[in-house]
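One structure below.
The figures here come from the full heavy-atom set of this structure, side chains too, leaving out hydrogens, waters and symmetry mates.
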Amino acid sequence: MITSDLTKIADNQGSICGDKSRLSSDVSSDVSTGSTGSEGSINSYMLSPGGRRYFKPTVDASRIPFRGQVFETLEKGCKFYTDYGALSGFDIRKTTEKTTEDKKTVLLKYFVCNREGFNDVDLGSSNGSGSKEVQGRRTMSRRCGCKAKFVLKISSANTYYVFSFVEQHNHPLVSQSGRHFLKANRKMTVGLRNC
């Protein structure tokens with residue numbers, strides 16, 4: 001009864017994205033689980049004590065990154081996480097990196113969900129009459145503070161290992177029928193380039 005009440009409260013509070021006050025860094029997986037979805041695709045989620053839903057991708061265990069996993073190069077680690085995101089239903093972004101002083105070797109590299117962080121509100125420029133025009137890109141991808149991340153760190157053997165991995169997302173993942181629209185899956189073939 002309590003978990004159903006928490007679900008109703010979470011649904012009545014509006015969008016699951018964009019409200020900074022309800023973000024929580026800790027997720028309790030033993031509180032409640034459920035699923036949402038259509039077209040045969042299921043988004044399984046965990047319900048936190050505060051009533052927030054956290055979505056966990058459902059993919060083959062061999063495709064899921066884990067702490068301590070080793071990659072020969074940074075590019076191979078990036079490709080592995082990009083493929084994992086494409087299979088799971090989310091896009092990734094490269095963010096912070098720490099390099100050596102000569103900028104030749106990457107020591108630490110962060111890859112995050114493309115919905116990490118929050119959109120900045122750009123008020124635009126003044127149009128002379130004192131009022132400001134709001135103009136922004138028309139895009140369906142909105143940032144909502146997702147904490148999913150994949151961090152690679154260099155080892156003493158000049159290979160990269162998974163230093164940190166957060167699997168839970170605070171937003172529903174893309175359904176199976178819509179995954180071909182993700183940036184990771186939009187590839188132009190040689191035949192299309194030559195047209």
ask   = Any donor-acceptor pair under 3.5 Å linking the side chain of Arg67 with the backbone of Phe163?
value = yes
request  = May I ask whether Phe111 and Val166 are part of the same hydrophobic cluster, defined by side-chain heavy atoms of I, L, V, M, F, W, Y residues being less than 4.5 angstrom apart, directly or through others?
outcome  = no
message = Do Gln69 and Phe80 make a side-chain contact, defined as non-hydrogen atoms from C-beta onward lying under 4.5 Å apart?
response = yes
message = Could you work out, with side chain to side chain contact (heavy atoms under 4.5 Å, CB included) as the rule, every residue matching Ala61, not counting sequence neighbours?
response = none
request  = Starting at CG of Asp83, measure out to CD1 of Ile92 and round the result to the nearest 0.5 Å.
outcome  = 9.0 Å
request  = Nearest 0.5 Å please: distance from the CD atom of Glu75 over to the OG1 atom of Thr82.
outcome  = 11.5 Å
Name every donor-acceptor pair, under 3.5 Å, that has one atom in a side chain of residues 101-108 and the other anywhere in the protein, sequence neighbours excluded.
residue : atom : partner : partner atom : Å
Asp102  : OD1  : Thr100  : OG1          : 2.4
Asp102  : OD1  : Lys104  : N            : 3.2

message = Students often mix this up, so state it plainly: with edges at 30° and 60°, are the rings of Phe150 and Tyr81 parallel, tilted or perpendicular?
response = parallel
ask   = Atom CD1 of Ile64 and atom NZ of Lys56: how far apart are they, to the nearest 0.5 Å?
value = 7.0 Å
query = Would a hydrophobic clustering, with Ile, Leu, Val, Met, Phe, Trp and Tyr connected at side-chain separations under 4.5 Å, put Tyr161 with Ile154?
reply = no
inquiry  = In the structure I gave you, are the side-chain heavy atoms of His169 and Pro57 within less than 4.5 Å of one another anywhere?
reply    = yes
Transitive ILVMFWY side-chain link Val151 to Tyr160, under 4.5 Å = no
query = At what distance, to the nearest 0.5 angstrom, does NZ of Lys149 lie from OG1 of Thr96?
reply = 10.0 Å
ask   = Is there a chain of hydrophobic side chains (I, L, V, M, F, W, Y, each step under 4.5 Å between heavy atoms) that links Leu87 to Phe71?
value = yes
ask   = Can you name the closest pair of heavy atoms from Val59 and Ser88 and give their distance?
value = CG1-OG, 3.5 Å
remark   = The salt bridge (charged side-chain N to carboxylate O under 4.0 Å, His left out) partners of Arg93 (sequence neighbours excluded) come to Glu116
request  = With rounding to the nearest 0.5 Å, note down the distance linking CZ in Phe55 to SG in Cys146.
outcome  = 10.5 Å
task = Please check if atom CD in Glu97 has more than 12 non-hydrogen atoms from other residues, nucleotides or ligands closer than 6.0 Å.
result = yes
request  = Please work out which of the three classes, parallel, tilted or perpendicular, describes the rings of Phe165 and Tyr84, given edges at 30° and 60°.
outcome  = perpendicular
Min side-chain heavy-atom separation Cys78-Lys109 under 4.5 Å = no
